[in-house]
Amino acid sequence: MYQLLTGKQRSYLKSIVNGIEPIFQIGKNGINENLIKQVDEALEAREIIKINVLKNSFLDTKNAANEVARLTDAEFVQSIGNKFVIYKESEENKKINLP
């Protein structure tokens with residue numbers, strides 16, 4: 001896994017994630033292999049994604065965020081309410097230049 005984000009980088013990522021909608025939802029099935037595979041593919045394509053933790057999920061948003069980030073070798077950016085944001089530098093579709 002690469003180095004942790006600096007405060008400046010995290011702030012920058014938070015500023016660009018404002019306008020994006022969650023593209024995945026974690027529900028009563030929790031975090032499974034299929035979800036991780038899809039999140040990994042989405043991170044490769046987009047680098048930064050927002051995920052919604054549904055009320056019927058028995059997972060705490062922050063715990064879910066850390067688990068998904070760990071399983072995808074991504075970086076936890078932030079969680080707000082029942083949503084969280086993770087970032088992973090793309091190998092082939094690099095779009096975000098961190099400060």
Taking [X] for the side chain and [Y] for the main chain, is one N or O donor matched with an acceptor at less than 3.5 Å?
X   : Y   : result
S11 : G7  : yes
K95 : A45 : yes
Q9  : T6  : yes
R70 : A65 : no

### Message
Please list all pairs meeting salt bridge (Lys or Arg N to Asp or Glu O under 4.0 Å) that have one or both residues in residues 33-51, counting only residues at least two apart or in different chains.
### Response
K37-E41, D40-K88

### Message
So, taking the atom named CG in N66 and the one named OG in S79, what distance separates them when rounded to the nearest 0.5 Å?
### Response
8.5 Å

### Task
Would you give the length of the straight line joining atom CG of N32 to atom CD of Q38, rounded to the nearest 0.5 angstrom?
8.5 Å

Using side-chain heavy atoms (C-beta onward) and a distance below 4.5 Å, is [X] in contact with [Y]?
X   : Y   : answer
L4  : E75 : yes
I23 : V39 : no
L98 : L5  : yes
Y12 : I96 : yes
I51 : P22 : no

Applying the 4.5 Å side-chain criterion to the ILVMFWY set and letting contacts propagate, would [X] and [Y] be lumped into a single cluster?
X   : Y   : result
F24 : L71 : yes
I80 : V53 : no
L13 : V17 : yes
I49 : F76 : yes

### Task
Run the numbers on T72 and I36 for side chain to side chain contact (heavy atoms under 4.5 Å, CB included), then give the verdict.
CA-CA 7 Å; T72 56; I36 294 303; 3.9 Å; yes

### Query
Do other residues, nucleotides or ligands put more than 12 heavy atoms under 6.0 Å from the NZ atom of K14?
yes

### Message
With a sphere of 6.0 Å drawn around NZ of K55, does it hold more than 12 non-hydrogen atoms of other residues, nucleotides or ligands?
### Response
no

### Task
Kindly give the heavy-atom pair with the smallest separation between A64 and I31, and that separation in Å.
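Smallest heavy-atom distance, with atoms named: O-CD1, 3.8 Å.
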
### Task
Identify the two heavy atoms, one from S57 and one from G27, that lie closest to each other, and give their separation to 0.1 Å.
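Result for this residue pair: CB-O, 3.3 Å.
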
### Task
Tell me, with the steps shown, if I26 and N52 meet side chain to side chain contact (heavy atoms under 4.5 Å, CB included).
CA-CA 6 Å; I26 297 174; N52 193 4; over 6 Å; no

### Message
The test is side chain to side chain contact (heavy atoms under 4.5 Å, CB included); show your working for N82 and L54 and say whether it passes.
### Response
CA-CA 7 Å; N82 61 343; L54 300 176; 5.9 Å; no

#### Entry: Derivation and outcome, side chain to side chain contact (heavy atoms under 4.5 Å, CB included), residues V68 and F84
CA-CA 10 Å; V68 171; F84 66 87; 4.1 Å; yes

